[in-house]
Amino acid sequence: MMSLRNRPWWLGLAVMFMGAVCFHASTELAATAQYAAIGPGLFVAAVGLGLIVLGVLLLIQIARGEVFEPEEAENASAGKTMDKRAFFTALVAVILPALTIEALGLPVTAMLSFMLVARAFGSRRLVSDLIVGFVLGSLSWLLFGWLGLQLGGFFPLAGL
Amino acid sequence: MDTLALLFHGFEVALTPTNLMWAFIGSVLGTAIGVLPGIGPALTIALLLPVTVSVGPVSAFIMFAGVLYGAMYGGSTTSILINTPGEAGSMMTALEGNKMARAGRGAAALATAAIGSFVAGTIATLLLTFAAPAVAELAFLLKPADYFALTILAFTSVAVVMGASRVRGFVSLFMGLALGLIGIDAMTGQPRMTFGVADLLDGVELTVVLVSVFAVGEILYVASRYVHEQGDIVPIKGQAFMTRDDWRRSWKPWLRGTALGFPIGTIPGGGSEIPTMLSYTLEKKLSRHKDEFGKGAIEGVAGPEAANNASAAGVLVPLLTLGLPTSATAAILLAAFQNYGLQPGPFLFSSNPDLIWGLIASLYIGNVMLLVLNLPLVGVWVKLLQVPRPQLYAGILVFAMIGIWGVSGSVFDLLLMAALGVVSYVMRVYGFPIPPLLIGLILVPLAETQLRTALAAGQGSVSVLFETPISITFLVLSFLFLFAPMVLKRLRAAA
C-alpha cells in the first residue's frame, strides 16, 4: 500500500483543472448564435464538466489506493525508477527544434536533436552521432523538399 | 456495376507499375517498422502523411495498406524470435511462438504465422469486398441522431476496452474531445478555446497530436526507463518450415481465427487484442494437444495470428463505409483521407470508386507480396534488430520533427509537439491509454455536428436522440460496453 504522501493526487487535480479551463471557455462563448439551447458552447461545457467529474473520480480512486502501473514498452522496464538525466536530455532534444529550426534550418537542428537523443540513450560517440544526424537531416531535407514539402532553407542564418 | 466488376476495375488500378511500386514500398516499410521497436503502423502512416502533398490518393492509400498489413507480419517475426510482442495483437503469438522457437521449431512458427496471416488477410479482404458496399448502402439510412449514437458507441467502447481502468480511459477520451474542440466552430464561425492564440484558430492537427503522443512520448518514456539488454534472437538456420503434421494442425485455427477476427474488428472498440485472446482460448479448448499449450503449440500461433490480420481488415469496414475510425491506425487513415479533401463514407463508394476499389484490390496484392517478402527473407528482417537503439530513437525524433515541420511549417506546432510529448509521457507512466485520445480528437467534429443537427431538427428536445431503433440500439450497446472490463478480465485469466 502506498503511503498517503506518495499518492499522485496531482493527477486528479490536473484533470479537474483542464475541465475547469474548458468550462470557463464555454461560458465566454456568445449565446447569440444559439438555436433551441444548442450553441457552440454546448459541447465545450459538456466536455469541461465531464473532465471535472472524471478528476473527482480519479481523486477518489487515488484515495482508495489505486495502483498506477506504467505501460509496458519495448526496451523499457516499467518497474525501473526514472532516469532523470536521460529524461531531461531527451526533453531538451524535443524542445530544441522549436527554438532553432527557423534560424539554423532543418539539417543542423536534426543534427543537434539526433545527438541529444542518442546521448539520452547512453551513446557516447559524440562526433559520429553529430555526423549521422547531419547526414540524415540533409538527406531528408533534399528528399522531402523534392517531394514538395516546404522545409525552409538549408542553413537560413547564412542565407542558404 | 456489381461488386466483382468493381473489384476487377480495382485490380486494373492497383496493378499499374507505379501503384505496384507503392504497394512494394509500403510492404517493405511496414515489415521493417513491425520488426523495429518504438514505431507502430499508426505512427509510420502519420510520418508518411507528408507524401500526400505530392503523391495521388490512390497511390498513397495503396502504400498505407501495405504498411498496415506489413506491420503485422513484422510484429509476429519479433514475437516469435525474440519474444517481444510490439503490440497487443501479437501477445498471444509470443506466448506459444517463442516457446516453439526455443524448442528448435522457429521456422515452423514463422511459417504458420505468415501463411495464416496470408490466408486470414485474403479471406478478410474478400469479406470486406462484399460487406463494405452493403454497409455503405445501409449508411444512407442513418439519421443524425443515429450517427451521434454511433460516435457515442465508438467513444465508450474505445475508452473502456483500451487500457487498464475505465476512469483513465475516459480521461484520455475527454482530453481528446477537448483538443478536438479547439479552433473555429464550423457551424457558427466562433473561435473556441483558442485563448487568443492565432495559431489555434485552425484547430489542432491530428498529425501533430499523433506524432507527439506516439513518437515523442515514447522516446521520453523509453529514455527514462531504458534497458540496454538486447533479447537474444533464436536462430532458425537450416530448419524446415512446415511438416505435413503442422499443416494439418494449422489450417483449422487459421479459418477459426479469421472467423473471430473479422467481425470483432468491425465493431468499435473490438480491436485486435480481444479476437486474438478469444482465438487462443478457443484453440486451447479444441486442441488434441492441450498439454503442448504453454510449451509451444502450433495452434496457439496459427489461430491468433489469423485473428490479428483478419481484425485489421475488419477495422476498414466502419472506416470506409461510415467514416468511423475504431483504432489509432484507422484514425490516421481518416486524417489521410481528409488531407485529400475526401470524406470516407457511403458517398465515397460512388464518388471515388477508383480509390476505394484500388485500395481493396491492393490489399490482396499486398498480402501476396508480404508472403513472398517475409518467409524467405526473414533473416534480412532480423538483421534490422541490430540497429543500435540510441541512434534508432534519435532517428525517430528527426522524422517526427520533419513530419510536423514539413506539413505545417509552424514553430507553434513544434512547441505543441514538445508539450504533448510530455503529457503523453505522464500518460504512459500512470497507465492512461493513448488511443481514446486520438479517437476523441478525430471524431468530436462528427459527433458535435450530428448532435447539433439532430437537436436543431427536434427543436431542442433531447427525446429526438432516442427516437429511432438504430440510435437506441447503439446507445444501449454503449452502456453495455461499460461492463466489458469484467469480461476481458475473465478472458485474460483464462488465457
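Chain A is the first sequence line, chain B the second, and so forth, proteins listed ahead of strands; every chain is numbered from 1.
With respect to chain B, the highest number of heavy-atom pairs below 4.5 Å among A/A14, A/A110, A/A86 belongs to A/A110.
Heavy atoms of A/T109 lying under 4.5 Å from chain B belong to its backbone as well as its side chain. Heavy-atom distances place no part of A/R85 under 4.5 Å from chain B, backbone and side chain included. For a residue to count as touching a neighbouring chain, one of its non-hydrogen atoms must lie under 4.5 Å from one of that chain's; by this rule A/A46 touches chain B with the backbone only. Of the atoms belonging to A/E102, it is side-chain heavy atoms, and not backbone ones, that fall under 4.5 Å from chain B. Using a 4.5 Å cut-off between heavy atoms, A/L99 does not touch chain B at all.
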Practice item. Let me see the working for A/V15 and B/F174 under side chain to side chain contact (heavy atoms under 4.5 Å, CB included), right down to the final yes or no. Key: CA-CA 10 Å; A/V15 172; B/F174 271 73; over 6 Å; no
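Among residues 127-142 of chain A, the residues having any heavy atom closer than 4.5 Å to a heavy atom of chain B are, in sequence order, A/D129, A/L136, A/S140. At a heavy-atom separation below 4.5 angstrom, chain B is approached by A/M18, A/V21, A/C22 within residues 16-24 of chain A.
Nearest heavy atom pair, residue B/L397 against residue A/S113, reads CD2-CB, 4.0 Å.
The distance between the ring centers of B/Y425 and A/F87 falls below 6.0 angstrom. For A/F144 and B/W405, the ring centers are positioned 6.0 Å apart or more.
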